[in-house]
Structures are given as structure tokens and as C-alpha cells.
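In this text the structure is predicted, and so the values were computed from the model without any measurement. Just so we're on the same page: letters track the sequence lines, and every chain starts at 1.
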Amino acid sequence: MATYVFTAEQLAQIEAIKSRYPSVQSATMPVLWLAQDAFGHVDADVQQLVADTLGLPASHVHGVATFYTQYYKEKKGKHVLDVCTCLSCHISGGYDMLHHLENRLGIKAGETTPDGLFTIQSVECLGACGYAPMMQITNDVFVNELTPEKLDQVIDTLKKGGSPDFEPIGLVNNRETA
Amino acid sequence: MSFDWKTYQPLLIPNIPGLADIKVYEQHGGYVQYKKVLGDQTTWTPEAVTNEVKSSGLRGRGGAGFNTGLKWSFMPKPDGGPRYIAANGDESEPGTFKDRTIFEFNPHSFIEGALIAAYAMRITAVYVYIRGEYRSWIRMMEKAIADAYAAGHIGKNIHGSGFSTDMYVHSGAGAYICGEESSLMESLEGKRGYPRVKPPFPAQRGLWGRPTTINNIETLANVPLILRIGAEAYSQIGAKTHPGPLLYGISGHVNKPGVYEFPSGMPIETLIHEVCGGVKGGKKVKAVIPGGSSTPPLRGDQLAGVCMDSDSLRTAGSMLGTAGMVVMDEDTDLVDVLTRIAHFYHHESCGQCTPCREGTGWLEKTLKKIRRGDGTPRDLELLLDICTQMEGRTICALADAAAWPVRYTITRFREDFEARVKTPVHAHA
Ligand SMILES: Cc1cc2nc3c(=O)[nH]c(=O)nc-3n(C[C@H](O)[C@H](O)[C@H](O)COP(=O)(O)O)c2cc1C
Ligand code: SF4
Ligand code: FES
């Protein structure tokens, strides 16, 4: 069993989080996020740490962690590629993008490459429907208007240790390109 | 409409570079309305502010379209205890991607609006709930709120007015249902997002058992504008019964998808063929979902004269919802699209109510069967039957949101479904 501990700095952050709410229980989600950022996932051991730190029952923390899809209940690849296949992305080729990634990485949606570098997931609408098809990388940056070539570039960048930048989309009413 | 969209100057997200910066926002009249209210509390009593918003006609931009000032007036009299606003930036309904443009380009208009609302309802803390996937935008909002604290707009005894309030961001973590207001409150309380049975309503018993008002991000971003130009002038913008500027999020098969700001009530055909540069490849429109995936689709051949306001859309047989419009061209396989929508609602049902938990599953399963080519004409009747058993029988409106697209896609595009229950075609996994 892996042992996880929060650093003094993280514990101070947790105190700051608690001070924002009238009940300790409300800190559950932000502290799960903090833990996931620190350890890469919130498996049963990390959930126990969160529960102990907040003085809440482990069953409560487990219940919350399992309700929300963005918490990783087990270890995932270093880069989690969440390809949107929902309504607008679907009609704009979202599944083609997903299948391109599956072919390129030799795994299916929901799986992780043997080298532990990539996990692919097919996800619901990410709130970027006008920039479809799109994906999100490891709960963070959005990559818009995907093409197979753009996907290949992203994979190459991630393999080299880089990360795609935040893509500005321009002020409203000023959109020039499709 | 004599309105010329080409010369329209956006009001909610004005075309000012760098407006997300608090200094730029203040140079362009930012926080002036808020200070005006705080500085003259005899004229601008909390009731006067609420009445101004009420008479502006502003209606919620989160989907249900309730009169905002009226909602504020439901808050009970202050009793000295805490009172809350939960600002709804969950933005998870497929086809909806507008609130993020406020976070990115004009976050302070939202913050100022939320603070004016906080003053009007004597709120002690505002929680800004933002979907967890919007991490980039959460960072932007955290910075904007920190800047507003530093400028003295939030905190204790703000600008010496005697009014105090706090503002915090709370990140979701991937659950569509948390956009439903009572689920959102459960999530803020650190629990699984199970919607609550109403009554009691949030104004009576909301967050941590205290009076709470839930408003959408775009709704609150309209408030400084109302105070700047006055309720009367605001009520003249766009459609009479649903006035104001509106963020239209347009996606699907158009040449220039994106978020556009225009007055409410824009004709759908103008939005598609002029604003968005027409349908890709010059194709015809087969179907339009006007306001997010839960709103009934309209037929492409019945769009003439239909406008993006609640009355016009009701007459046409749909709803304004979130004004997240999805355009589908003539080659779109609606059986396939509807199956994908059904999958979404099945995936997102919280499972508390039997009609929703079971119904969303049956809708998806039956549609998959039809898509595979194994469906029979009886399955179409079965689908409509399931819808009837789901509508209006559950704790929250997710079950209705799941049933409406099924009911209206089947009844309005019956020929597509009938052809499919006879001719088997295979599609995506
Ligand atoms: C299943 C479901 C999901 C919802 N999702 C959202 C959402 O993402 N954002 C939002 O503002 N309102 C959403 N709503 C509507 C809210 O419950 C609520 O009516 C709204 O936030 C009130 O704000 P408004 O009056 O300013 O529109 C949703 C409702 C339901 C039933
Ligand atoms: S209608 Fe569906 S989502 Fe809403 S409370 Fe019931 S089961 Fe949950
Ligand atoms: S449908 Fe993919 S981002 Fe909305």
C-alpha cells in the first residue's frame, strides 16, 4: 500500500480552503482536486488521506469521489486525452478523431498505453461545441477544431515533454474562420 | 426586423481588447454602477435595485427563463444570519458554451453584477460554481476575483458603505446534473450531486439551510448594464417578452460557428445564413436545436420567421433554453444523433428516480436497436410511451430534458425513423 502525505504547504492550502465554507464537508471537492493534482489520482488510499485530513468518514469521501467523473479513482496515463463525442462534436467528426487516436496509440477508449503515457477517454460535452471536434488534456487545456494532423502534432508534442498552449478563440462577433 | 446585425455593438462583451483586466474594465466605466448603488443607498435601497431589475424584464439565461428581479424578491427579510448567491457556471448542457466567454473576456461584468445582486439581497457570500472541465477559465475567474478584492470591491465594509460580502469559486468535477440548482447546492455542500425535492425552495432553505438565490453567469452579467442604461431602455432591447442582449452559442454544420452577441429575438435563418456564413458546403438545413440538447428540434423547412425568443419558439414548438443552437445539414442521420443525445442523458441521470434512471436507459437501448437496424415500428411507439412515463414525474427536470428531444425528434422527423425500422443501416459503436 502506497503511503500518501500532504506537505506542510498543502496542509496550509487545505486550511485556506476550509475557511471559505461554513462546513468542513464542503472542502471535500476542492481537497480531492488538490490531492489529485498532487498525486495524479484519488485512489482508495488518497481518499483515506483526504478523509483523515478533513476529519470526515472515508465513506463520505469515497461517495463524492465516485460521483464525479473527473476524479481519477485509479491511476491513469500521464496524459489523459478526453475526446468529446457528444452532440456537436459527434456531428463534426468527434468519433473519427477518437478512432484516429485509438489507431495511432494502439489502444481503445478507456485504455492506457503499456508505457503509461496515454489514456484515451470518450467524454460528454465539454462546453466548446462551437470549436468542435475538440478534446481536453488531463483535465486542463482544451484543443479545438481537431483534425488527424492536429492530433498527431499534439501526440508528438506530449511525447517530447511539451504541452499544447491555451487556444484563444477571439472576441465574440469577430470570428473570421470556420 | 429593422435591426442591422452588422453594425451592432456588443453590450455584454464589448469589443474592447484587454477588458478582462480590472484596470481596463474600470477605465471603461466598470464598477461605476456598483459604486453608484453603494454610495447612495437612500435612492438605491435593496428593494429599489430589485425593482429596477424586475422592471427591466431580464429573464434567467440558464435555461428556464424566469424573471430575475422577481426571483430576487422571493428572498425573505434578513435575520442577521448568512445568505447566499450560488452563481451557476456549470454550463454542461450539450450545445452550450457561452458563459465561458464571460469568464474569458469580461469577467468583471459578472463580478460587478453579482455584487449588485448581493447588495440587493443582503447576501453574505457569493459562490461561483464553475464546471471542473473549465480549469483554464477557473484560473481566469480566480484572478479576476482576487483583483476585485484587492481593489476593495469585495470584502468587509466595501468602500465605506457598511455593506460586506465575500466571493469564492467552487470547481465542479464532471457531472451535468450539478447544473440543476438543488444539485449544485448539494455539490457546494461537499456531497454527491443529488437534486433535492422542492419545496422548500432555495430562497427559504438553500445552501447550508440558509436563504439562497441561484442565478446563471450571463444573467448576472446583465445587471450592471441594466443600471447603466436604465430598466426602461433595457426592456426595449430585442424581443419584448424576453428582452436584452443575448449570447448565442452556435455550433454544428455552419461555416462560422462560435458565440455571438445580439439582442434577443434574432431570426434563426439570419443567424445561420448571414451571421454564421451559411451551412457548410452550401447544403440545406435539416434540423435546428435552438437552445441546448434538451430543447425540441425544429425542421429546417419550417424555420421561416422563427426567432430566438421564448414566445416565437414556443409557437414554433420549442424553447429558447440556453440559446445554444445546433445546426444540422441535410445529410445528418437523426437516428444516430438522437441515439447519442439519449446516451448523454442516460450517462448523466443521477439515478434517484425510477422513471429517469430506468427511462433514460430504455430510451438509449431502444434507439441503439433501431440504429443497428433491429428496430420494429412498435419500438417507435414504445419510445413515445417511455417519454410519457418520464415527463413530469421526477424530482428534477433532467427526465423531461431527456424525454423531449426523443419525443419531438421522432414526431417531427417521423419519416427518418420509419425508414430505419425497415431498412437496417450500421453506424458507429
Ligand atoms: C438537468 C439540469 C441542468 C441544468 N444545468 C444548468 C447549467 O449548466 N447552467 C445554468 O445556469 N442553469 C442550469 N440549469 C437551470 C438551473 O436549475 C437554474 O434554473 C438556473 O441556474 C437559474 O438561473 P437563471 O434564473 O439565471 O437562469 C439546469 C437545470 C436542469 C434541470
Ligand atoms: S430526474 Fe433524474 S437526474 Fe433528476 S433527480 Fe431524478 S434521477 Fe436524478
Ligand atoms: S459537444 Fe463537444 S464540446 Fe459540446
Side-chain angles (χ1 to χ4, degrees), chain A residues 20-33 36 54 56 60-61 63-71 82 84-92 94-96 99 109 123-132 136 139-142 166 168-178, chain B residues 8 10 13 15 17 82 91-97 100-101 105 131-136 166 168 170-176 187-193 208 247 249-261 277 280 289 293 324 326 328 332 336-337 340-341 344 347-348 428-429:
Chain A
R20 293 185 220 147
Y21 304 97
S23 89
V24 175
Q25 186 172 267
S26 288
T28 310
M29 290 183 70
V31 174
L32 279 169
W33 271 121
Q36 180 154 301
L54 292 176
L56 295 169
H60 169 76
V61 175
V64 173
T66 49
F67 187 82
Y68 300 92
T69 56
Q70 283 191 286
Y71 295 128
D82 284 339
C84 179
T85 55
C86 202
L87 178 55
S88 305
C89 288
H90 174 34
I91 64 171
S92 310
Y95 278 100
D96 296 337
H99 295 151
V123 300
E124 299 305 328
C125 178
L126 290 168
C129 324
Y131 322 108
Q136 175 169 33
N139 285 332
D140 204 321
V141 71
F142 279 21
F166 177 80
I169 44 131
L171 272 167
V172 297
N173 293 18
N174 280 342
R175 201 162 157 75
E176 291 307 325
T177 51
Chain B
Y8 175 73
I13 307 188
N15 195 348
E91 186 143 276
S92 302
E93 165 114 338
T96 311
F97 56 106
R100 51 175 267 179
T101 56
F105 298 114
R131 63 178 303 175
E133 292 88 345
Y134 278 0
R135 186 172 268 219
S136 304
D166 281 302
Y168 309 104
H170 185 92
S171 168
Y176 163 70
S187 186
L188 266 165
E189 291 181 6
K191 300 183 237 163
R192 294 164 75 92
W208 302 289
L247 295 177
I250 308 173
S251 64
H253 300 141
V254 290
N255 282 313
K256 291 195 277 181
V259 177
Y260 295 90
E261 181 195 318
K280 279 186 185 152
I289 296 173
S293 56
V326 186
M328 290 172 267
T332 310
D336 185 43
V337 169
R340 189 61 186 80
I341 293 176
F344 171 80
H347 184 264
E348 301 297 332
H428 293 286

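- Between Gly95(B) and Cys129(A) the shortest heavy-atom distance is N-SG, 3.3 Å.
- Across Glu91(B), His347(B), Glu261(B), the residue that shares the most heavy-atom pairs under 4.5 angstrom with chain A is Glu261(B).
- Counting heavy-atom pairs closer than 4.5 Å to chain A, the top-ranked of the candidates Val326(B), Asn15(B), Ile341(B), Thr96(B) is Asn15(B).
- For the pair His90(A)/Asp336(B), a side-chain contact is recorded, criterion being any heavy-atom separation below 4.5 Å from C-beta on.
- Distance check: Tyr21(A) OH to Trp208(B) CH2 gives 7.0 Å after rounding to the nearest 0.5 Å.
- Between chain A and the options Gly277(B), Gly249(B), Ser187(B), the largest number of non-hydrogen pairs under 4.5 Å is found for Ser187(B).
- Between the Glu189(B) side chain and the Gln25(A) main chain, no donor and acceptor come within less than 3.5 Å of each other.
- At a 4.5 Å heavy-atom cutoff, the contact between Arg192(B) and chain A is made by backbone and side-chain atoms alike.
- Expressed to the nearest 0.5 Å, how far CD1 of Ile13(B) lies from CG of Asn173(A) amounts to 9.0 Å.
- Atom OG1 of Thr69(A) sits about 6.0 Å away from atom CD of Glu133(B), to the nearest 0.5 Å.
- With a 4.5 Å cut-off on non-hydrogen atoms, Ala132(A) does not touch chain B at all.
- With hydrogens and angles disregarded, no donor-acceptor distance shorter than 3.5 Å links the side chain of Ser88(A) to the backbone of Gly252(B).
- Between the CG atom in Asn139(A) and the CZ atom in Arg135(B) there is a gap of 6.5 Å [rounded to 0.5 Å].
- Here OG of Ser26(A) is found 12.0 Å from OH of Tyr168(B). Values are rounded to the nearest 0.5 Å.
- The most heavy-atom pairs under 4.5 Å with chain A, out of Ser92(B), Ser293(B), Gly193(B), Ser136(B), come from Gly193(B).
- Looking only at heavy-atom pairs under 4.5 Å with chain B, the residue among Trp33(A), Tyr71(A), Phe142(A), Phe67(A) that has the most is Phe67(A).
- Nearest heavy-atom pair across Tyr134(B) and Leu126(A) is CE1-O, 3.3 Å.
- Once rounded to the nearest 0.5 Å, the distance linking OG1 of Thr28(A) with NZ of Lys191(B) reads 10.5 Å.
- Although no hydrogens or angles enter the test, the distance criterion places no donor-acceptor pair under 3.5 Å between the side chain of His170(B) and the main chain of Met29(A).
- When the candidates Pro17(B), Pro82(B), Gly172(B), Pro10(B) are compared by the number of heavy-atom contacts under 4.5 Å with chain A, Gly172(B) comes out ahead.
- Contact record, Pro94(B) with Cys125(A): CA-SG, 3.7 Å, taken as the closest heavy-atom pair.
- Contact of Val123(A) with chain B is made through the backbone alone, with heavy-atom distances under 4.5 Å.
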